[in-house]
Structure formats: structure tokens, C-alpha cells
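We use all heavy atoms of the structure for the numbers below, so side chains are in, but hydrogens, waters and symmetry mates are not. Note that the structure is a prediction, hence the values are computed from the model and not measured.
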Amino acid sequence: MSPSTKPRQDIADMLRAGATYRHIQQTLHVSPNCIALTRKSLHIPLPSPRRRIRLHPDTRKTIVNMIKRGSSVAQIIRRTGVSKTTIGRIRRDLRTQGTRP
């Protein structure tokens with residue numbers, strides 16, 4: 001490995017702490033290639049893929065009711081704490097079930 005591509009301890013520390021490539025790039029202003037070289041040379045495994053957490057049925061019911069009442073996405077987020085993506089997924093599910101929000 002050349003001197004310009006030697007592993008960086010700051011990157012390794014962040015990888016071991018579970019930081020994503022994007023977070024490391026934004027924090028340390030490095031390229032994905034630099035992160036990958038550090039990870040591979042120090043034998044740091046890739047983090048396990050993130051999985052969606054099941055939405056509690058009561059929370060889903062609240063979101064569905066708010067969508068049907070015409071609440072905005074921002075209002076739903078404030079009330080339930082779910083992501084915009086989750087709200088969009090529930091809206092899409094309602095449309096495919098024949099219920100127009």
C-alpha cells in the first residue's frame with residue numbers, strides 16, 4: 001500500500017463505532033475508496049444490513065386515520081415520530097387496497 005493510501009485510524013475508529021460510509025465521508029471529507037481501503041486493510045467487517053423495525057399496529061392505525069383525515073406529512077411525523085418513507089409506504093398500501101387517502 002502506498003503512503004497516500006495507508007489506513008487511517010480516524011476512519012477505522014468510526015467504522016468500528018458503526019458509522020456509515022456516508023457519515024464518515026461527511027465528517028472526515030474522504031472518498032468511499034479511502035474508507036474501503038482502510039476497512040479492508042484492517043479487516044474491519046461491513047456492518048450488518050439495517051432492517052426495518054415492525055411498526056406497532058396502534059401506530060399504523062393512527063397514521064391511517066390521520067391520512068384519511070387529510071393530515072399533512074409533517075403533522076403525522078410530529079405526532080407519531082415515523083419517517084416520511086413509512087408514511088409514503090402506508091399511503092401506497094392504502095391506494096393498492098382501493099382506499100384513496
Side-chain angles (χ1 to χ4, degrees):
M1 192 179 269
S2 70
S4 64
T5 57
K6 71 179 190 177
R8 289 182 47 174
Q9 190 59 45
D10 53 350
I11 295 174
D13 292 341
M14 289 184 77
L15 285 168
R16 288 186 181 111
T20 62
Y21 271 44
R22 180 177 292 170
H23 179 71
I24 296 170
Q25 283 178 268
Q26 292 171 344
T27 304
L28 302 177
H29 307 289
V30 294
S31 70
N33 189 42
C34 182
I35 300 168
L37 287 170
T38 297
R39 185 183 59 74
K40 290 174 185 175
S41 67
L42 298 176
H43 307 289
I44 300 171
L46 283 171
S48 60
R50 295 186 177 161
R51 295 198 172 127
R52 252 191 281 165
I53 297 172
R54 285 232 178 249
L55 193 60
H56 192 276
D58 292 340
T59 305
R60 182 178 174 79
K61 190 174 183 179
T62 300
I63 294 168
V64 168
N65 288 336
M66 290 182 79
I67 289 170
K68 287 180 179 179
R69 283 195 312 256
S71 299
S72 71
V73 172
Q75 290 170 326
I76 297 170
I77 291 170
R78 274 194 304 275
R79 170 110 186 261
T80 63
V82 300
S83 70
K84 185 177 177 180
T85 304
T86 299
I87 296 166
R89 189 178 308 113
I90 292 171
R91 264 201 177 131
R92 185 188 66 226
D93 291 348
L94 290 173
R95 279 193 298 268
T96 59
Q97 293 170 2
T99 308
R100 298 284 312 170

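The hydrophobic clustering, which links ILVMFWY residues whose side-chain heavy atoms are closer than 4.5 Å, places I24 and L37 apart. The hydrophobic cluster containing M14 also contains L42, counting ILVMFWY residues as joined when their side-chain heavy atoms lie under 4.5 angstrom apart, directly or transitively.
Residue C34 comes nearest to R8 through the heavy atom pair SG-CD, 4.2 Å, listed as atom of the first residue, atom of the second, then distance. S71 and Q75 get closest at one heavy-atom pair: CA-OE1, 3.2 Å.
A distance of 10.5 Å separates CG in N65 from CD1 in I76, rounded to the nearest 0.5 Å. Considering CG of L94 and CD1 of I67, their distance stands at 5.5 Å, rounded to 0.5 Å. Between the OG1 atom in T85 and the CZ atom in R92 there is a gap of 10.0 Å [rounded to 0.5 Å].
Side-chain contact between R60 and V82: absent, with no pair of heavy atoms (C-beta onward) separated by less than 4.5 Å. Side chains of V64 and K61 form no contact here, defined as non-hydrogen atoms less than 4.5 Å apart. With a 4.5 Å cut-off on side-chain heavy atoms, I90 and M66 do not count as touching. Looking at L55 and I63, their side chains come closer than 4.5 Å, going by heavy atoms from C-beta outward.
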Exercise for the section: Please report the C-alpha distance between T80 and H56 in whole Å, then the side-chain angles of each, then the deciding distance to 0.1 Å, and finally whether the side chain to side chain contact (heavy atoms under 4.5 Å, CB included) criterion is met. Expected result: CA-CA 11 Å; T80 63; H56 192 276; over 6 Å; no
